[in-house]
Amino acid sequence: MNGKQPIAPGSLTRRNLLAAAPLALFAASGLRPVFAQAQAVSSATTVAFLDSVGVCGHFTRPNGVYTEQFDRIMPEFEALGVQHLRDDGLITPKDSRDSPVFRRLRRIVASDIRLTIICYDNLNPYVSTPLNRLADFYAWCDGGVDIFEGSNEPNMTKDPQNAPRISADHQAALYNAIRSNPQLSALPVAAPSYVLTHRALALDLKDVCDYGNIHPYAGMEHPETNGPGALSKSVAASAHIAACRPVLATEMGYHTSLQTKTFHFPVTEGIKARYMPRMLLFSFISGIRRSYIYELVSSFAADATNPESSFGLLRHDLSRTPAYEAVRGLLSLCKASRQTGSAERQVAFLDADAQRMSIPLKRQDGALLVPVWLAVSGWQWPARIENPPAERVAAFSVTGQHSHVVAHRFLDDGSVSQQTIAPEGGKYQLSVSDQLTVLEVF
């Protein structure tokens, strides 16, 4: 590899602006997909769900907010509760274990956060990852790397005759470099994250990867949409690249730059908070092995015309967005502990609703969590109107020994309300909304 140096963040962003839907979208919602590469999940544990959530960052960059404000970011990162970080595999000939970048990464790993590291190819005009330095990278992170990943969003269309083979050769070299090194050989390797029209040109890489890799941004659509931003469409468009491999969604999220002139349209901060927990849960239900939120901190100062300034769970000034609080609240609830037994408990809704989604999650303390929501849109674009939360009363029963049923409602300002529900005639009632509710049974 050529060891190209990273350029300043002001002239490089890691994600391409995504082409999205026409302005008028009338997307149906609520269908439960079954994907060729991602098997739908009907029940699970909170441990498995927590392991399915990651976030993207830029801590390996030589400058920018992640580097310059690292000491202020870390307490917020730890409080968020995410266990996986995706970051750039940037290493220079001058780097050593004592380089600032590796001190930062070791600090992150010491907080029980595992790393997914992108290995850039020579199609990237700005940076590339020297594959002969991967063992150093791994060792200097104190073994905190869980996954090495192929190049980020390779450009296939600029040179369609040669780029697909260049990309495939790099992926094979990456895979072989990992498998041939005893220190690294047990680590999984993810495919490159091809997007949009580049996906169709990508070659079959199933023999040189352990995971498929997608960037299923929904734009301004709701997470469960069947419209142009549908998760299932992103999976299907990439199915030929890593057939029969489990799938990572290494970037997904929403921005709130309401005056953007690009085709990746925005939502409000309130709708982002409403959608983000649903996005993570829907991806998990749909069988996506891990979903990485783009991004932890907005890389640029607030600019209503620039999407890159508002993807963050933390704003550029490091203040928390409502979406940060919503994600933190969901993950915290999955880690909570009550004085309860390990009895088997089940929640059953007593009526049918095609737009209602739920999944039972058994928590380590024995409690049962049941996230439930309506898979409908809360946002009208281009009118820029937030729909008030939809509400539908649903009856449900609970079997198994229990003393409490608590409903945790996730509000658009990021707060979480709590209500203890008492049974009436042997059953319970709940107003189900497109704002997530998590039933906690213990």
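As a basis for the values below, the full set of heavy atoms in this structure was taken, side chains included, without hydrogen atoms, waters or symmetry mates.
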Original post:
Does the side chain of Arg409 come under 3.5 Å of the side chain of Thr437 through a donor N or O and an acceptor N or O?
Top reply: yes
Subject >> Nearest-0.5 Å distance, CD1 of residue Ile166 to OG of residue Ser151 >> reply: 11.5 Å
Subject >> Note: Asp51-Arg290 ion pair, threshold 4.0 Å (strictly below) >> reply: yes
Subject >> Closest non-hydrogen atom pair, Gly378 against Ile271 >> reply: O-CD1, 3.2 Å
Original post:
Asn176 side chain to Ala173 main-chain N or O, any donor-acceptor pair under 3.5 Å?
Top reply: no
Original post:
Is there side-chain contact between Ile288 and Ile214, with heavy atoms separated by less than 4.5 Å?
Top reply: yes
Original post:
Between Met357 and Arg278, does a side chain to side chain contact (heavy atoms under 4.5 Å, CB included) hold up when you go through it step by step?
Top reply: CA-CA 10 Å; Met357 304 201 73; Arg278 285 167 47 184; over 6 Å; no
Original post:
Do Asp121 and Pro154 touch side chain to side chain, with heavy atoms closer than 4.5 Å?
Top reply: yes
Original post:
Closest approach of Gly212 and Arg245, non-hydrogen atoms and distance?
Top reply: N-CB, 3.9 Å
**OP:** Tell me yes or no: between the side chains of Ser96 and Asp98, is some donor less than 3.5 Å from an acceptor?
**Re:** no
Original post:
Between CD1 of Ile117 and CG of Asp88, what distance do you get to the nearest 0.5 Å?
Top reply: 8.0 Å
Original post:
Can you check side chain to side chain donor-acceptor pair (under 3.5 Å) on Tyr211 and Thr250, steps first, answer last?
Top reply: CA-CA 11 Å; Tyr211 290 110; Thr250 56; over 6 Å; no
Subject >> Ion pair check, Arg107 and Glu78, cut-off under 4.0 Å >> reply: yes
Original post:
Just wondering, more than 12 heavy atoms not from Lys158 lying within 6.0 Å of its NZ?
Top reply: no
**OP:** Indicate whether the side chain of His198 and that of Glu153 have a donor and an acceptor atom separated by less than 3.5 Å.
**Re:** no
**OP:** May I ask you to decide whether Lys272 forms a salt bridge with Glu269, counting only side-chain N to carboxylate O separations under 4.0 Å?
**Re:** no
Original post:
So, the side chain of Ser257 versus the backbone of Asn306: is there a donor-acceptor pair under 3.5 Å, distance only?
Top reply: yes
Subject >> Check: Val372 main-chain N/O paired with Ser358 side-chain donor or acceptor under 3.5 Å >> reply: no
Original post:
Quick one: does Thr321's side chain get under 4.5 Å of Met276's, heavy atoms only?
Top reply: no
Original post:
Does Arg274 use its side chain to pair, donor to acceptor, with the backbone of Ala323 at less than 3.5 Å?
Top reply: no
Subject >> Any Thr129 side-chain heavy atom under 4.5 Å of Ile118 side chain >> reply: no
**OP:** Would you name the heavy atoms of Asn152 and Tyr120 that are closest together and state the gap between them?
**Re:** CB-CE2, 3.8 Å
Subject >> Stepwise side chain to side chain contact (heavy atoms under 4.5 Å, CB included) check, Arg345 with Lys362 >> reply: CA-CA 9 Å; Arg345 304 175 175 101; Lys362 187 170 182 178; over 6 Å; no
**OP:** Give a yes or no answer on whether the side chain of Ser298 reaches the backbone of Ser309 with a donor-acceptor pair at less than 3.5 Å.
**Re:** yes
Subject >> Value rounded to 0.5 Å, distance of OG in Ser193 from CD in Glu149 >> reply: 5.5 Å
Original post:
Would you say the side-chain atoms of Lys261 pair up with the backbone N or O of Thr305, donor to acceptor, closer than 3.5 Å?
Top reply: no
Original post:
Is there a side chain to side chain contact (heavy atoms under 4.5 Å, CB included) between Asp87 and Tyr66 once you walk through the steps?
Top reply: CA-CA 11 Å; Asp87 212 321; Tyr66 286 90; over 6 Å; no
Original post:
Minimum heavy-atom separation for Pro371 to Leu361, with atom names?
Top reply: CG-CD1, 4.0 Å
Subject >> Between OH on residue Tyr175 and CG on residue Leu131, distance to nearest 0.5 Å >> reply: 15.0 Å
Original post:
With a 4.5 Å heavy-atom cut-off, do Phe137 and Phe102 have their side chains touching?
Top reply: yes
Original post:
Is there a side chain to side chain donor-acceptor pair (under 3.5 Å) between Gln435 and Asp412 once you walk through the steps?
Top reply: CA-CA 8 Å; Gln435 291 178 327; Asp412 292 352; 3.0 Å; yes
**OP:** Tell me whether the guanidinium CZ or amine NZ of Arg328 lies under 6.0 angstrom from the six-membered ring centre of Tyr324 and within 45° of its axis.
**Re:** no
Subject >> Between CD1 on residue Ile73 and CG on residue Leu296, distance to nearest 0.5 Å >> reply: 6.5 Å
**OP:** Walk me through it: do Glu76 and Leu318 pass the test side chain to side chain contact (heavy atoms under 4.5 Å, CB included)?
**Re:** CA-CA 8 Å; Glu76 297 296 277; Leu318 305 188; 5.8 Å; no
Subject >> Nearest heavy-atom neighbours spanning His222 and Ser377 >> reply: ND1-CB, 3.6 Å
Original post:
Any side-chain heavy-atom pair from Ser310 and Pro266 closer than 4.5 angstrom?
Top reply: no
**OP:** Say whether, by atom type as modelled, one donor and one acceptor occur between the side chain of Asn213 and the main chain of Ala190 under 3.5 angstrom.
**Re:** no
Subject >> Contact check, side chains of Tyr217 and Ser234, non-hydrogen atoms, under 4.5 Å >> reply: no
Original post:
Under 3.5 Å, side chain of His408 to main-chain N/O of Val438, donor-acceptor pair present?
Top reply: no
Subject >> Arg363, CZ: over 12 other non-hydrogen atoms inside 6.0 angstrom >> reply: yes
Original post:
Backbone N or O of Val189 within a donor-acceptor pair of the Asp210 side chain at under 3.5 Å?
Top reply: yes
Original post:
More than 12 foreign heavy atoms under 6.0 Å from CD of Gln380: is that the case here?
Top reply: yes
Subject >> Distance, nearest 0.5 Å, that separates NE2 of His84 from CG of Leu50 >> reply: 9.0 Å
Original post:
Would you call Leu330 and Phe49 a side-chain contact if the rule is heavy atoms closer than 4.5 Å?
Top reply: yes
Original post:
Only one of Phe311, Tyr294, Trp381 clears ring pair (Phe, Tyr, Trp, His ring centres under 6.0 Å) with His264; which?
Top reply: Phe311
Original post:
Looking at Pro182 and Ser180, what are the two nearest heavy atoms and their distance?
Top reply: CD-O, 3.6 Å
Original post:
Side chain of Ser286, backbone of Phe282: donor and acceptor closer than 3.5 Å?
Top reply: yes
Original post:
Does Asp142 come within less than 4.0 Å of Arg97, counting only side-chain N to carboxylate O?
Top reply: yes
Original post:
So, are Arg338 and Asp365 salt-bridged, with charged N and O less than 4.0 Å apart?
Top reply: no
Subject >> NZ or CZ of Arg356 within 45° of Phe349 ring axis and under 6.0 Å >> reply: yes
